[in-house]
Structures are given as structure tokens and as C-alpha cells.
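What follows is a set of notes on a single structure, which appears directly below.
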Amino acid sequence: MAVLVVRTLAALDRERVCMIARISSLMKLSLSSLQVVGLGGVGSHAASMLLRSGVGRLLLVDFDQVSLSSLNRHAVATREDVGTPKAYCLKKHFSLIYPECQIEARVQLYDSSAEDEILSGQPDFVLDCIDNIDTKVSLLAACVRRGLRVLSAMGAGARADPTRIRVADLRESSNDPLSRAVRYRLKKDHGIEGGIPVVFSMEKPKAKLLPFQGSKEEETPSDYQIVPGFRVRIIPVLGTIPAIFGQVMASYVVTQLAQLDFQTEPIVNLDLDHYRVLHHRLLEHEELIYGSAEQVLVDAEEVMYIVKELWRGRSARDQNMKDTGRKMWRSVNELMLVRWDKSKSAGVSNLILLKFSEADAHESTTLDQIKDEEPEFHAMVSRVLKRAETEFAL
């Protein structure tokens with residue numbers, strides 16, 4: 001009997017410790033102050049689950065309004081909310097769900113001029129759910145500069161497979177054009193190479209941006225814009241994926257604030273050796289030709305994008321050859337990256353893939369000569385590099 005009593009008391013002690021830990025975690029959440037910037041499909045679901053998890057204070061920021069087309073992915077909006085600012089829409093519904101939470105709604109576009117106003121409150125976490133590259137980069141850079149904890153959502157559009165969603169450092173995100181562009185801009189404009197956790201999908205997008213198509217001939221993109229320059233083109237979105245992105249973000253933030261163990265699955269980059277060779281070869285070439293490699297603005301993963309996406313694994317002078325499946329890839333033993341325009345840095349939109357002999361010939365000529373003597377080649381390369389410029393929002 002005495003042994004049973006001791007065991008029972010020990011079990012009660014363990015239960016008491018667990019209960020105290022749970023209460024402590026809930027207290028941390030109830031005292032936390034969080035900011036969600038961007039309240040579309042991802043942001044609305046992230047904010048909704050943070051609210052339902054018991055956070056104490058929420059700042060909701062978005063310039064846009066609820067639209068009929070966004071109802072397939074918004075967390076709480078109804079037909080009656082169409083035309084209402086997203087921030088006010090969430091505050092109205094959230095007040096009915098958990099009135100104890102202090103909710104501040106701002107109908108505002110985040111940009112550098114709004115940094116002090118929005119971030120000066122020293123939030124415990126900032127959730128970046130913005131889908132515009134310029135404002136996204138500006139917010140992330142500001143958070144890093146201020147030492148704020150931030151979690152960023154990458155591209156959720158044109159995906160369908162929820163099993164490929166991951167949380168990792170921005171440096172490790174792959175197969176995601178938005179991640180690639182954000183990573184490049186942060187490094188180029190702010191000297192930030194990583195240290196930002198992101199939610200992204202390893203699934204390659206199944207569709208591209210669609211051009212604007214009005215329902216009437218006299219309609220223009222500006223008729224559908226709250227802010228000029230936004231929403232000119234759209235990307236198809238399956239409503240479930242942004243919702244899952246938002247749920248993942250909320251789960252990550254809640255566990256971080258509660259100091260629970262959250263081990264993200266490692267992201268393994270396969271077959272990077274060849275691209276590292278090409279990157280190293282580029283650095284050596286820059287040292288030899290220009291006396292320094294300081295003008296190289298790409299890393300091995302960006303080299304992978306340039307080689308695979310832009311030049312299809314072969315010399316820029318072999319682009320007219322037909323693809324032959326897996327056999328299209330050429331050995332890196334005879335290939336190297338060089339600047340297209342020697343007066344510009346070795347960035348993602350200024351590198352071409354050539355054979356060694358072709359690279360030597362390229363270094364001894366000028367773009368004007370190429371344009372005069374090989375106008376079709378000049379035009380083709382210009383088109384390809386323009387694509388990189390567009391995808392990286394340069």
C-alpha cells in the first residue's frame with residue numbers, strides 16, 4: 001500500500017509539473033503581442049489561428065479589400081464583407097470569437113515610410129504574409145535591422161500538394177520563384193543572406209502569372225487596384241494551400257512563443273556539386289579577369305537557377321538544339337559562367353553559360369560587336385536575361 005501511495009504521489013507531481021508548464025505556456029501566449037502584415041489567404045488563416053490560440057494582442061495590417069474572388073481562400077470573410085477592408089473584416093469577426101484579445105486593425109500599405117509606425121511597438125513576432133516583392137523585402141530587412149523575430153510566407157499560389165510544405169531558413173528554400181527573388185534582393189540590397197525562417201512549398205508551381213482580363217472591353221487593370229501597380233497580373237490559387245501555409249505559420253509562432261521544442265524537417269539540396277563547381281569557376285574567372293571576385297552577386301543555388309532555368313544546362317550558343325529529355329544535360333567539365341555585359345556586376349541577370357573557348361572569345365569582344373555581327377544571338381540572350389530580371393524583380 002505504501003509503495004502504491006508513493007507512486008500515486010509521484011504521478012500527481014508529474015501531472016502538476018505538466019499542468020504548470022501548460023499554464024506557463026498559455027500565459028506567455030496571453031501576454032504576447034503579434035503583428036500580421038498581409039491579410040489574404042495566408043495571413044487571414046495565420047491570424048485566425050493565433051487568435052484562437054489565445055494571443056493577447058494582434059496588430060492586423062493590410063491595404064486591400066475583401067473581393068469576391070478571394071472568398072475561396074479567406075479565413076472568415078463572407079459575401080457581406082466584400083468591399084470591406086480586410087483588416088476591418090478580420091477585426092469584426094475576431095471580436096466575436098475572442099473579445100478578450102486586443103485587436104488593432106490598420107488599413108495601410110507597408111513600405112519603408114511606415115516602418116517606425118508599424119514596428120516601433122517591439123512585437124514578439126512579425127508574420128510577413130505580403131505577396132509583393134518590394135514591400136516584402138522592405139519589411140524583412142526592417143525586422144532584421146531591428147532585431148525582431150519574423151516568419152515569412154513564400155509563394156502559395158499554383159500549388160496543390162500539402163505534403164511538400166516546409167519551414168526552413170530562407171537560404172534553404174528551393175523550387176520557389178518568390179523565395180529566389182526575395183533571397184536575391186535581400187542579399188543585393190541589404191546584405192542579408194539568411195537567418196529568416198520561411199514557410200514555402202518544395203512543389204514547383206504548376207502555373208504562371210496570368211495577364212489581366214477585364215470582363216468588359218473598357219475595363220483596365222487600374223479599375224481593380226486599391227494601390228497603383230498592384231494586382232495587374234494574377235496567379236491561380238487553390239484555396240486549401242494558402243490556408244495550410246497560414247496554419248503552419250501560426251503553429252510555428254505559437255510553439256516558439258511557448259518555448260516548445262519545434263524541430264523542422266531538414267531540407268536536403270541534391271546534386272549541388274556541379275553547381276558549386278560552376279560557382280567556384282566563376283569566382284576564379286572573376287579574379288583572373290577583373291582582379292577580384294567582389295562583383296559576384298550569386299551563390300551556388302542561384303547558379304543552379306541560371307544554369308537549369310535560363311540556359312537548360314548547355315552553352316548559350318547551343319540553345320537552338322532540341323531537348324532530349326535527361327540527355328539534354330551537359331557535363332560541367334567544358335562549361336563556365338561569364339558576364340554578358342562586362343561593365344555590370346556578375347548578377348543573376350548578367351551571366352551566360354558558355355564553353356571555355358566561347359568564353360575566351362566573348363571576353364575579347366564587345367556587346368556592340370555582337371549586336372552588329374550576331375543580332376539574333378544578341379536578341380536571344382537579351383530575352384533570356386530579361387526573364388531573370390523579371391523573376392527576381394530587378
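- Contact check on D124 versus R149 returns no salt bridge, with no Lys/Arg side-chain nitrogen under 4.0 Å from an Asp/Glu carboxylate oxygen.
- To the nearest 0.5 Å, atoms OG1 (T78) and CG (L71) are separated by 7.5 Å.
- Between the side chains of S201 and R166, no donor N or O sits under 3.5 Å from an acceptor N or O.
- Using a 4.0 Å cut-off between charged side-chain N and carboxylate O, R180 and E301 make no salt bridge.
- Taking CG from L278 and CG from D273, the interatomic distance works out to 11.5 Å, rounded to the nearest 0.5 Å.
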V254/L29 under side chain to side chain contact (heavy atoms under 4.5 Å, CB included): CA gap, chis, key distance, verdict: CA-CA 7 Å; V254 166; L29 288 176; 3.9 Å; yes

Step-by-step side chain to side chain contact (heavy atoms under 4.5 Å, CB included) determination, V36 to V61: CA-CA 6 Å; V36 184; V61 182; over 6 Å; no

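- Residues V167 and V248 meet the side-chain proximity criterion, which asks for heavy atoms closer than 4.5 Å.
- Here the side chain of R317 pairs no donor or acceptor atom with the backbone of K355 at under 3.5 angstrom.
- For the pair V198/D169, no side-chain contact is recorded, criterion being any heavy-atom separation below 4.5 Å from C-beta on.
- A donor atom on one side chain and an acceptor atom on the other are not found under 3.5 Å apart for D368 and T366.
- How far OG of S70 is from CG of L39: 11.5 Å, rounded to the nearest 0.5 Å.
- A salt bridge between R387 and E309 is present, with a side-chain N of the basic residue lying under 4.0 Å from a carboxylate O of the acidic one.
- Side-chain contact between L353 and I306: absent, with no pair of heavy atoms (C-beta onward) separated by less than 4.5 Å.
- More than 12 heavy atoms of other shown residues, nucleotides or ligands fall within 6.0 angstrom of atom CD in Q369.
- The pair R185-D134 meets the salt-bridge criterion, since a charged nitrogen lies less than 4.0 angstrom from a carboxylate oxygen.
- At least one side-chain heavy atom of L51 sits less than 4.5 Å from a side-chain heavy atom of L58.
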Working for side-chain hydrogen bond (donor to acceptor under 3.5 Å, both in side chains), residues E363 and H285: CA-CA 11 Å; E363 294 293 359; H285 182 73; 2.7 Å; yes

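- Geometrically, R339 engages Y290 in a cation-pi contact, judged by NZ or CZ lying under 6.0 Å from the ring centre and within 45° of the ring axis.
- In this structure, E115 pairs ionically with R146, as a charged nitrogen and a carboxylate oxygen lie closer than 4.0 Å.
- For K187, the NZ atom sits in a packed shell: over 12 heavy atoms of surrounding residues, nucleotides or ligands are nearer than 6.0 Å.
- Taking the ring centroids of Y184 and Y305, they lie at or beyond the 6.0 Å cut-off.
- The main-chain N or O of S44 is never found under 3.5 Å from a side-chain atom of S48 such that the two would form a donor-acceptor pair.
- Judged by distance alone, with hydrogens and angles left aside, the side-chain atoms of S315 form no donor-acceptor pair with the main-chain N or O of L354 at under 3.5 Å.
- Between the CG atom in L60 and the CG atom in D62 there is a gap of 9.5 Å [rounded to 0.5 Å].
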Worked verdict on L151 versus F125 for side chain to side chain contact (heavy atoms under 4.5 Å, CB included): CA-CA 8 Å; L151 175 65; F125 237 109; 4.1 Å; yes

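- In terms of modelled atom types and a separation under 3.5 Å, the side chain of Q35 and the main chain of I118 share a donor-acceptor contact.
- Residues L127 and L50 form a side-chain contact, since some pair of their non-hydrogen atoms from C-beta on lies under 4.5 Å apart.
- Judged purely by atom type and a 3.5 angstrom limit, R281 has no side-chain atom pairing as donor or acceptor with the backbone of L337.
- Scanning both residues, V55 and Y98, for their nearest heavy atoms gives O-CE2, 3.5 Å.
- Here CD1 of I352 is found 10.5 Å from CE of M336. Values are rounded to the nearest 0.5 Å.
- When atom types are taken as modelled, the side chain of R73 and the backbone of S69 share a donor-acceptor pair closer than 3.5 angstrom.
- Side chain of S173 to main chain of L170: a donor-acceptor pair is present (N/O by atom type, distance under 3.5 Å, no hydrogens or angles).
- Among all heavy-atom pairs drawn from A153 and V42, the shortest one is CB-CG1, 3.8 Å.
- Atom CE in M154 sits 13.5 Å away from atom CD1 in I165 (nearest 0.5 Å).
- In this structure R106 satisfies the salt bridge (Lys or Arg N to Asp or Glu O under 4.0 Å) test together with E104, E117, sequence neighbours excluded.
- At a cut-off of 3.5 Å, with distance as the only test, no side-chain donor of E389 or S349 sits close to an acceptor on the other residue.
- Heavy atoms from other residues, nucleotides or ligands lying under 6.0 Å from CD of E100 number more than 12.
- E373 and H378 share no donor-acceptor pair across their side chains, judged by distance under 3.5 Å alone.
- H280 and E284 are linked by a side-chain donor-acceptor pair at a separation below 3.5 angstrom, with hydrogens and angles left out of the test.
- R159 contributes a side-chain N or O that, together with a main-chain N or O of E203, makes up a donor-acceptor pair within less than 3.5 Å.
- In the model, S357 has no side-chain atom that pairs as donor or acceptor with a side-chain atom of D360 under 3.5 Å.
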Steps toward side chain to side chain contact (heavy atoms under 4.5 Å, CB included) verdict (Y252, V199): CA-CA 10 Å; Y252 180 89; V199 178; 5.9 Å; no

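- No donor-acceptor pair under 3.5 Å is formed between the side chain of S138 and the backbone N or O of T135.
- Q65 and K86 share no donor-acceptor pair across their side chains, judged by distance under 3.5 Å alone.
- Between the side chains of D81 and H93, at least one donor-acceptor pair of N or O atoms lies under 3.5 Å.
- Here the side chains of L148 and Q122 are in contact, with some heavy-atom distance below 4.5 Å.
- Checked by atom type and distance alone, the side chain of K136 pairs as donor or acceptor with a backbone atom of I130 at under 3.5 Å.
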